[in-house]
Amino acid sequence: MRPSLAKLARKTSPFSAPPPLHRPTTWLEPERVVEVSFAEWTPEGLLRAPVFIRLRDDIEPRSVRNGPPAKPAKARRDSLPASEAGAILQQLDNDANRLDLTVGGARIRLTNLERVYWPADRRARRAPITKRDLIRYLAAVARFMLPHLKDRPLTMIRMPEGIDGERFFQKHWEQSMPDFVETVTVFSGHKGEKQDYILANNLPTLLWLGQNGTLEFHVWHSRAAVGPDAASNRTDYSSSLEALESSVLNYPDYLVFDIDPYIYSGKEAQGAEPELNEKGFAGARKVALWLRTLLKQMALEAVVKTSGKTGLHVFVPIERTVTFDGARQICEMVGRHLMKEHPKEITMEWAVEKRSGKIFIDYNMNVRGKTLNVAYSPRGVPGAPVSMPLAWEELETAEPLDFTIGNVMARLEKTGDRWHDVLLGKHSLAQAFGSISRG
DNA sequence: GTAGCCC
DNA sequence: GGGCTACAACGCATG
DNA sequence: CATGCG
Ligand SMILES: [Mn+2]
Ligand SMILES: [Mn+2]
């Protein structure tokens, strides 16, 4: 039984960008659907002269879109024109603490733009970085970052009070969401069996996440989208564990090697993870380059990025022909082979204390539902570093703090996305298996 | 950053 | 209305 | 099996 309309009353608008009001208004939870007749869509995407016709309890509220139906699609581009970001930057270019941003047809209410997210540090000669700076960065970097976020279930790392405030993971968004936010429903076997994940598939979503204090964007290594390279074309992610396991979300589109230095600076608190230090990162760099060489011998081309914290991410883009289990086995094999060649430098130990003094290769990231900070995502640590894709030659001299939300745009305008090919040329694993069995 | 709960 | 709290959570490795 | 790990 549906709740009665009176029970659904609420004081505040459920819309993320409340429409202009001309008379006193009673808001309702968006839980029931009504049919109305109306004169036309206004240019703002509102109803002109709507009149109630009937309740439509046969329609699922979540399936209802706000605004006129999309125009018969222009071919979808996978990157945005730079001008779209320009319009955002222009609106942000003032000192208002709050403002209603217009993004295409959507409106996003931005608040606390002056709040310091990354505090100043005089010793490191760092100026404060505000929430406005974050949203500016997201708007500018979107055309490079969105392709790497597309269709991947997102975990938000939120710090609404900045990096010195409370921080929390958030996988699901229970509150009302703007219409432009796409989601995917995934079986969970927890809390009522299924849960919605956000897909950061468009610019307004990225900016809205910034408004919500998302400083880090962590994504799955598989995509909720079918394609000719995928061994599964199933998109039922939610009806059962079996459905999810046989769906395309169970087929990663890259192998992941998470490279974490466990070389301590000596300044860490008891039991804390190692801080960024030159020796540790130099070790990570060396291991990544060895790994690249080994993979090359297997006819696999790897790409590298800084994680933004202390280590590196090495990915091998692949056709989606093996499940996460298969991918993990391959990475374990490759990792152990490399460890045998460099036992002094590399560890794959599971007990943290046994990793000390070495570089940890984590192959266990190749699991459905595991996430890593996506390319170009900032990190909630001092200096506002970002996860930076690099050419292998650039890695030789790179340091994690070389790439921050204050300087990567200038670099990107010159170099473009170093990981552009990750999204295109996927490798067939058949050749790799061949080269292993040949010895 | 925001919603819900409890006083 | 103000203060407090929640906002992940699972499968794999290992002993 | 319980627990630690990311
Ligand atoms: Mn790690
Ligand atoms: Mn890492």
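All figures in this text were calculated on a predicted structure; none of them were measured in a lab. Protein chains get the first letters and strands the later ones, always in sequence-line order, with residue 1 at the start of each.
Nucleic acid contact class of A:Thr371 (heavy atoms, under 4.0 Å, all strands): none. The residue A:Gln211 sits close only to the backbone: its heavy atoms come under 4.0 Å of sugar-phosphate atoms, none of a base. Among the atoms of the strands shown, none is found under 4.0 Å from any heavy atom of A:Phe187. Using a 4.0 Å heavy-atom distance criterion, A:Met365 is classed as a sugar-phosphate-only contact.
Sorted by first then second residue, the ring-ring contact (aromatic ring centres under 6.0 Å, His included) pairs that include residues 230-253 of chain A, not counting sequence neighbours, number zero. Applying the ring-ring contact (aromatic ring centres under 6.0 Å, His included) test to every pair with at least one member in residues 264-307 of chain A, sequence neighbours left out, gives these pairs: A:Trp290-A:His342.
Nearest to the side-chain atoms of A:Gln195 among the listed nucleotides C:dA9, C:dC7, D:dG6 stands C:dA9.
Going from the C1' atom of C:dA6 to that of D:dG6 covers 22 Å, rounded to whole Å. Rounded to whole Å, the separation between the C1' atoms of D:dC5 and C:dA8 comes to 15 Å.
Near DNA chain B, defined here as any heavy-atom distance below 4.0 Å, there are no residues from residues 372-382 of chain A.
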Would you list the protein and nucleotides 11-15 of chain C atom pairs, both N or O, that sit under 3.5 Å from each other?
| unit_1 | atom_1 | unit_2 | atom_2 | d |
| --- | --- | --- | --- | --- |
| C:dG15 | OP1 | A:Lys354 | NZ | 3.3 |

Under-3.5 Å N/O pairs linking protein and nucleotides 2-4 of chain C:
none

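The shortest distance between the side-chain N/O atoms of A:His218 and the OP1/OP2 oxygens of D:dG6 is not below 4.0 Å. Regarding contacts with the backbone of B:dG1, every side-chain N or O of A:Arg109 stays at 4.0 angstrom or more from both OP1 and OP2.
With sequence neighbours excluded, the residues that form a side chain to side chain contact (heavy atoms under 4.5 Å, CB included) with A:Ala391 are A:Glu393, A:Glu394, A:Arg418.
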